[in-house]
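Heads up: the structure comes next, in structure tokens.
Here the structure is a predicted model, which is why all the values come from computation and not from measurement.
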Amino acid sequence: MAFQCQRDCYMKEFVTSVVSCCPAELKQEVNGKKETLTGFSVKLQDTILFPEGGGQPDDHGLIGDVPVLRVTRQGAEAVHFVRSPLEVGQEVPVKLDWDRRFDHMQQHSGQHLITALADTMFGYKTTSWELGRQRSTIELDTPCVKAAQVQALEEAVNEKIRAHVPVTVQLLSIDDPAVEKVRSRGLPEDHAGPIRIIDIDGIDANMCCGTHVSNLSHIQIIKLLGTEKGKKNKTNLIFLAGNRVLKYTEKSYNTERSLVSLLKTGPDEHVEAVDKLQKTVKLLQKTNLGLLRDLAVLVAQNFKNNPERGNVFSFHKKEGDNEFMNIVANEINTEETFVFLSVGDEKGPGLFLLAGPSEQVAEMGPRVLEMLQGKGAGKNGRFQGKANSLARREEVVTFLREYCKHHTSEEE
């Protein structure tokens, strides 16, 4: 069957009845973490909430006052996931999240238009597409799309938008001869009901289950952002349509204003200014690295020249890296001296290095890791890694001195 959302893509509110409501779970990812929600799968007599399919995400909305978190398709039925149960047989109002839906309509119709003209103008077939949260991607069956072709395609699609070309929906039976004449990448295995054709007048006719604008002018505008290398000799064409172009422009303008303030230059000079800054930073980093190396040698020599030096040497520096610590350790005879070095925030995270006689370092390393709440490994008389906290650094030094004192007394 065709759902009400497919018969009238612009309907925002609808009254229907609950057919079934069964306990269910929804697996989703929130802020990079997977979680499982418990709730209910609800089937309605009909729905204006589009179930995910055809490269288009599902709609969000409300059934009564209950939020719909996911809509999927099972054969000829739409399944709505909600957290609260609904009474079977009751009439319920369904309200659509229109902003989300209209965005999807603009992107999806935009994809059909781009796909049709890319084929007509250059013979590039679309093999797949993705409607992303921020930008959408069309996979073209060609290893390369030239910049001039992207520009020509962008001009052509926007010309069609300005021409107010109507977009209509046809429902055909699967054995209708007209089905053979439309563009299609094939029907899903669980397809049921009539074949739905999206017809952009004089431009394209394509099988599609998704929601679309009724006129290309509703897309407003399309911006082709460029191309990326795809898989298996294909090219990904990246685009924005409609309100996404406006949001992208606003975001770009705000970024531009911030850069004007930071760089003290006009927009046309931003690239040159950033390039100059990067070169300056690289030079400063190189100079700083040289100074750190010289300092590492001096730190080690100062210890060696101290007549009252013990058999444990510890040193901490906020600025530094593994190379700095290794240079210090290389300058000291670690067969006779335990070296404990650290760089980073004195009370926060950082790096550490423990060096000395191999067997004793291997024995002490895990204990040092525990005190620093860190991760690391050791071999050939060196144990180093990352510390989550250097707050107990002095405890490590005390532990090393006690260990050495105990070890020396045993040898005597």
Side-chain angles (χ1 to χ4, degrees), residues 1-111 129-136 188 190 192-193 196 208-214 218 240-244 246-247 251:
M1 65 174 286
F3 304 114
Q4 183 63 28
C5 59
Q6 295 170 312
R7 293 193 295 272
D8 184 354
C9 300
Y10 289 79
M11 183 175 283
K12 302 172 185 176
E13 296 186 10
F14 182 63
V15 177
T16 186
S17 58
V18 178
V19 173
S20 66
C21 179
C22 303
E25 292 184 342
L26 174 65
K27 294 181 179 179
Q28 61 179 13
E29 190 172 301
V30 179
N31 297 324
K33 294 183 179 180
K34 294 182 179 180
E35 63 178 24
T36 300
L37 301 178
T38 56
F40 300 86
S41 286
V42 173
K43 294 180 182 179
L44 303 175
Q45 190 69 37
D46 202 344
T47 185
I48 57 169
L49 302 183
F50 177 74
E52 180 180 9
Q56 180 178 321
D58 59 342
D59 284 333
H60 291 172
L62 297 171
I63 300 178
D65 58 357
V66 178
V68 177
L69 304 183
R70 188 79 186 272
V71 190
T72 56
R73 186 174 62 85
Q74 291 182 1
E77 297 180 302
V79 180
H80 310 71
F81 180 86
V82 295
R83 298 299 300 276
S84 303
L86 295 168
E87 182 182 343
V88 175
Q90 74 172 130
E91 280 200 343
V92 288
V94 181
K95 187 174 181 179
L96 171 69
D97 179 343
W98 172 248
D99 289 342
R100 176 181 170 92
R101 156 70 72 76
F102 189 57
D103 171 60
H104 292 170
M105 289 164 61
Q106 288 184 316
Q107 309 313 309
H108 204 161
S109 296
Q111 177 264 314
W129 88 290
E130 179 184 13
L131 199 168
R133 291 183 180 179
Q134 295 182 327
R135 63 183 196 173
S136 299
D190 61 348
R196 189 165 178 268
C208 183
C209 65
T211 56
H212 290 268
V213 298
S214 60
H218 295 185
L240 304 173
N243 290 329
R244 291 194 183 192
L246 302 180
K247 292 177 182 178
K251 183 178 179 181

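Nearest approach of Leu69 to His60, heavy atoms of both residues: O-NE2, 3.7 Å. What you find for His104 and Gln56 is that their closest heavy atoms are CB-NE2, 3.9 Å. Taking all atoms of both residues into account, the shortest heavy-atom contact from Leu131 to Ser136 is CA-OG, 3.6 Å. Nearest heavy-atom pair across Lys95 and Leu49 is O-CD2, 4.1 Å. Here the closest heavy-atom approach between residue Val79 and residue Gln74 is recorded as CG2-CD, 3.6 Å. For Ile48 against Val94, the heavy-atom pair with the smallest separation is CD1-O, 3.6 Å.
Distance CZ/Phe3 to CG/Leu44: 10.0 Å, rounded to 0.5 Å. Rounding to the nearest 0.5 Å gives a distance of 9.0 Å between CD of Glu25 and CG of Leu37. Leu240 CG to Gln106 CD: the interatomic distance, rounded to the nearest 0.5 Å, is 11.0 Å. Considering CG of Leu62 and CD of Glu13, their distance stands at 9.5 Å, rounded to 0.5 Å. In this structure, CZ in Arg100 is found 11.0 Å from CZ in Phe50, a value given to the nearest 0.5 Å. To the nearest 0.5 Å, the span separating CG on Leu246 from NZ on Lys251 amounts to 15.0 Å.
With hydrogens and angles disregarded, a donor-acceptor distance shorter than 3.5 Å links the side chain of Gln6 to the backbone of Cys209. In this structure, Arg133 contributes its side chain and Arg135 its backbone to no donor-acceptor pair below 3.5 Å. In terms of modelled atom types and a separation under 3.5 Å, the side chain of Gln45 and the main chain of Val19 share no donor-acceptor contact.
A distance below 6.0 Å separates the ring centres of Tyr10 and His218.
Looking at His212 and Met105, their side chains never come closer than 4.5 Å, going by heavy atoms from C-beta outward.
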Would you list the atom pairs, donor with acceptor, under 3.5 Å between side chains in residues 80-92 and any protein atom, with sequence neighbours excluded?
{"unit_1": "His80", "atom_1": "ND1", "unit_2": "Val42", "atom_2": "O", "d": "3.0"}
{"unit_1": "His80", "atom_1": "NE2", "unit_2": "Thr47", "atom_2": "OG1", "d": "2.9"}
{"unit_1": "Arg83", "atom_1": "NE", "unit_2": "Thr38", "atom_2": "O", "d": "2.8"}
{"unit_1": "Gln90", "atom_1": "OE1", "unit_2": "Glu87", "atom_2": "N", "d": "2.9"}

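Looking at Gln4 and Asp8, their side chains never bring a donor and an acceptor atom within 3.5 Å of each other.
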Practice problem: Starting from the C-alpha separation in whole Å, work towards a yes-or-no answer on side chain to side chain contact (heavy atoms under 4.5 Å, CB included) for Arg244 and Asp103. | Solution: CA-CA 8 Å; Arg244 291 194 183 192; Asp103 171 60; 2.7 Å; yes
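Note on Asp46 versus Arg7: salt bridge recorded, some NZ/NE/NH1/NH2 to OD/OE distance being below 4.0 Å. Under the 4.0 Å criterion applied to side-chain N and carboxylate O atoms, Asp58 and Arg70 are assigned as salt-bridge partners.
Atom CD of Gln134 is surrounded by 12 or fewer heavy atoms from other residues, nucleotides or ligands within 6.0 Å.
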